[in-house]
Undergrad: 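I have a structure I would like to understand better, so I am pasting it below and will then ask my questions one at a time.
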Number of protein chains: 4
Amino acid sequence: MPEAVGVRQAQAQRTRSGVLAAASAVFVDQGVQAPIRDIAERAGVGVGTIYRNFPTRADLVTAVYRHQIDTCAALAPRLLEEPGSPFAALTRWADAFVEFLVTKHGLGAALGSGDPGLENLHALMLDTLVPACETLLDACVDADEISPGITAYVLMRAIGNLCITGPDYDQADAKHMVATLLDGCRRKA
Amino acid sequence: MPEAVGVRQAQAQRTRSGVLAAASAVFVDQGVQAPIRDIAERAGVGVGTIYRNFPTRADLVTAVYRHQIDTCAALAPRLLEEPGSPFAALTRWADAFVEFLVTKHGLGAALGSGDPGLENLHALMLDTLVPACETLLDACVDADEISPGITAYVLMRAIGNLCITGPDYDQADAKHMVATLLDGCRRKA
Amino acid sequence: MPEAVGVRQAQAQRTRSGVLAAASAVFVDQGVQAPIRDIAERAGVGVGTIYRNFPTRADLVTAVYRHQIDTCAALAPRLLEEPGSPFAALTRWADAFVEFLVTKHGLGAALGSGDPGLENLHALMLDTLVPACETLLDACVDADEISPGITAYVLMRAIGNLCITGPDYDQADAKHMVATLLDGCRRKA
Amino acid sequence: MPEAVGVRQAQAQRTRSGVLAAASAVFVDQGVQAPIRDIAERAGVGVGTIYRNFPTRADLVTAVYRHQIDTCAALAPRLLEEPGSPFAALTRWADAFVEFLVTKHGLGAALGSGDPGLENLHALMLDTLVPACETLLDACVDADEISPGITAYVLMRAIGNLCITGPDYDQADAKHMVATLLDGCRRKA
DNA sequence: TATGAATGAGCCTTCATTCAT
DNA sequence: CATGAATGAAGGCTCATTCAT
């Protein structure tokens with residue numbers, strides 16, 4: 001009964017997706033440290049199901065953000081191909097990255113926390129976003145728009161940190177500061 | 001027996017100091033959310049002693065950092081009086097602030113976490129550091145060195161966030177990014 | 001596997017019952033303020049199991065006594081239907097109520113303590129026992145056997161208080177005093 | 001220096017009185033289980049002073065109420081000497097006892113709790129109030145106003161229990177129930 | 001004698017994690 | 001595979017009690 005297997009796989013996939021959607025929602029409400037049980041309840045599954053699919057919290061966090069990270073990474077080459085200076089492309093890419101971060105409560109803090117167990121999210125960023133950012137940075141350096149000496153990783157980490165918002169430091173402030181930081185990277189004439 | 005009272009007060013003061021030293025050390029190791037018990041053990045006292053001296057965790061955190069915050073605030077007017085541009089003074093003050101933050105693991109994260117209960121540390125910063133920073137910013141604006149539109153509070157929050165270090169993003173990186181951010185604040189000619 | 005679910009539910013029900021039995025026993029020994037841990041140990045379960053089934057102490061206390069309270073309430077109409085005067089029915093109902101109270105060390109005290117958190121036990125009594133007692137009292141008043149002016153609630157509180165036993169004031173004394181109180185309620189010819 | 005000793009003794013006595021006054025006030029506010037520290041603070045002394053004067057909580061509770069208990073006991077013979085029936089004297093004495101109990105939050109509950117450690121308060125009542133009550137009861141029996149078979153101790157315990165008040169069972173209700181109980185003790189014609 | 005800082009046992013509560021069904 | 005009941009470690013906080021001064 002090969003169909004039966006397919007049905008079962010499809011069901012399993014649906015369960016996984018449901019968990020991811022629930023986790024995403026709960027992370028926005030409560031941050032990435034939310035109790036596993038809350039996520040299970042929101043997803044309408046047992047906690048065991050979450051542990052089966054995502055043995056560690058970091059696995060879950062990573063899976064939740066993987067798609068958006070991939071999307072963000074894929075944006076870089078497209079921006080470079082568009083007309084305009086490489087620095088403009090970098091700026092627009094940073095906008096997208098910031099947009100991603102500020103809409104996810106606690107993710108920035110999680111990234112910056114050095115929390116072991118979130119290392120694979122860290123690794124995911126290194127593997128996908130950093131290379132994407134690097135192409136943009138390299139293009140800027142080649143165009144003599146920014147000084148060399150700023151690595152993609154450090155820049156992204158800095159941007160990530162700037163996106164940790166709070167009561168008196170909101171998303172607009174974060175965007176403003178990121179823009180200011182990029183401006184500071186610019187090669188002066 | 002006035003001496004006896006003095007002896008007891010001195011002993012109590014020593015205990016208090018020991019707790020503060022232990023807390024400071026534990027905060028570096030584990031962050032400001034470290035279990036009270038750990039701090040008590042490090043200080044060689046019972047948990048009750050901690051609660052007696054610092055009824056809430058925020059009281060303890062605040063006490064640990066108050067002296068350094070005050071010192072940092074007092075630096076601002078002195079830097080302004082020295083020869084050199086206001087922007088140079090701002091840069092040097094930021095250096096001191098960064099130095100303060102990066103040597104305290106987790107403080108930046110704590111400040112940025114919006115954690116209720118850390119509100120009075122927040123308040124302490126607002127009350128002492130923000131005015132200090134404001135005098136520097138105002139001087140820079142007056143000297144037409146930076147554009148208006150950046151508030152002291154937001155700038156400090158941004159600097160604070162940039163000082164959340166971790167593996168692959170160390171103190172040197174933080175300083176570099178802060179310098180870059182300040183450079184981005186500069187009025188272009 | 002519908003049986004599997006049934007098995008699990010049955011097991012959970014057995015656990016719940018075990019907790020209730022343990023709690024009942026511990027309440028007799030130590031009163032309703034006994035540590036949750038003691039109850040968990042007596043039941044042979046972890047504290048988490050108690051909290052899962054009974055989020056608050058009041059939930060546990062209420063559950064322990066609910067069955068007996070219901071039984072006691074259901075007795076009132078049956079006694080009224082039996083031959084004999086309404087006052088005799090009231091007396092016999094009070095006997096049953098006293099029997100219930102004196103076998104539960106500390107319940108009377110708990111009811112009389114005004115302890116917040118035991119409000120729903122209080123409410124349970126108001127909702128079930130007070131109406132039961134009221135029907136008896138009303139019948140007595142209608143039969144001109146007792147003077148109006150005594151409310152069911154106050155009478156039950158008084159009976160409850162009289163059932164707080166101790167050394168030198170045992171169950172027999174409590175019953176004697178309750179009988180005397182009821183006698184005092186009687187309309188004199 | 002015999003005067004010096006006298007001065008010191010007088011000072012010690014004043015301290016003791018202050019503690020008793022503070023304890024009395026705190027007991028009314030918080031019940032007899034109030035933290036020792038609260039009493040010490042209200043008295044303006046250190047906790048050690050309380051422990052020195054009253055090694056156990058029961059010692060303190062007992063001392064607080066001793067004077068009032070003595071006063072209440074002394075009332076019995078005076079009431080008997082006044083014109084009127086012995087039962088009227090008993091009623092008036094019960095009124096005084098109730099008045100004493102209901103104005104002391106938690107004392108009734110404490111008396112009824114069987115709490116070991118409050119045994120000496122218990123003993124104090126046995127030694128002073130029970131004999132006083134006994135003379136009244138005996139006089140009533142002699143006058144054929146109440147049936148024998150009710151002991152002074154049990155009656156007082158019952159009255160004490162009836163004085164455990166709460167939100168919906170106030171002092172007036174307690175007095176009413178005590179009067180009803182006494183009425184129930186009365187010999188019927 | 002008086003003080004009150006210090007101690008630490010004890011209770012409460014949450015939640016990550018396991019595992020029998 | 002999914003479930004969710006059960007577990008118990010972990011951390012918070014209070015307060016009775018001791019003892020050096």
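Each chain gets a letter, A, B and so on, in the order its sequence line appears, and its residues count up from 1.
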Undergrad: Between C:Arg8 and F:dG4, is there a contact of a side-chain N or O with OP1 or OP2 at under 4.0 Å?
TA: no
Undergrad: Provide, to the nearest angstrom, the distance between the CG atom belonging to A:Asp59 and the C1' atom belonging to E:dA16.
TA: 15 Å
Undergrad: How would you list, by chain and number, every residue that makes a side chain to side chain contact (heavy atoms under 4.5 Å, CB included) with A:Arg52, sequence neighbours excluded?
TA: none
Undergrad: Give DNA chain E the dot-bracket treatment, 5' to 3': Watson-Crick (N1-N3 with N6-O4 or O6-N4) or G-U (N1-O2, O6-N3) under 3.5 Å, [ ] crossing, | other strand.
TA: .||||||||||||||||||||
Undergrad: Partners of A:Thr62 by side-chain hydrogen bond (donor to acceptor under 3.5 Å, both in side chains), sequence neighbours excluded?
TA: A:Asn120
Undergrad: Taking for each residue the nucleotide of DNA chain E bearing the nearest heavy atom, is the 5' side occupied by B:Gln13 or by C:Ala34?
TA: B:Gln13
Undergrad: For C:Asp70, give me all partners under side-chain hydrogen bond (donor to acceptor under 3.5 Å, both in side chains), at least two apart in sequence or on another chain.
TA: none
Undergrad: How do A:Arg37 and A:Asn53 order along DNA chain F: which one's closest nucleotide is nearer the 5' end?
TA: A:Asn53
Undergrad: Listed by chain and number, what are the side chain to side chain contact (heavy atoms under 4.5 Å, CB included) partners of B:Phe54, not counting sequence neighbours?
TA: B:Arg16, B:Val19, B:Leu20, B:Asp59, B:Leu60, B:Ala63
Undergrad: Residues in salt bridge (charged side-chain N to carboxylate O under 4.0 Å, His left out) with B:Arg42, at least two apart?
TA: B:Asp29
Undergrad: Do any of residues 42-52 of chain B sit with a heavy atom less than 4.0 Å from DNA chain E, and if so which?
TA: B:Gly44, B:Val45, B:Gly46, B:Val47, B:Gly48, B:Thr49, B:Arg52
Undergrad: By side-chain hydrogen bond (donor to acceptor under 3.5 Å, both in side chains), which residues pair with A:Asp38, not counting sequence neighbours?
TA: A:Gln30
Undergrad: Return the set of residues passing side chain to side chain contact (heavy atoms under 4.5 Å, CB included) with D:Gln11 (not counting sequence neighbours), or none when no residue passes.
TA: D:Arg14, D:Thr15
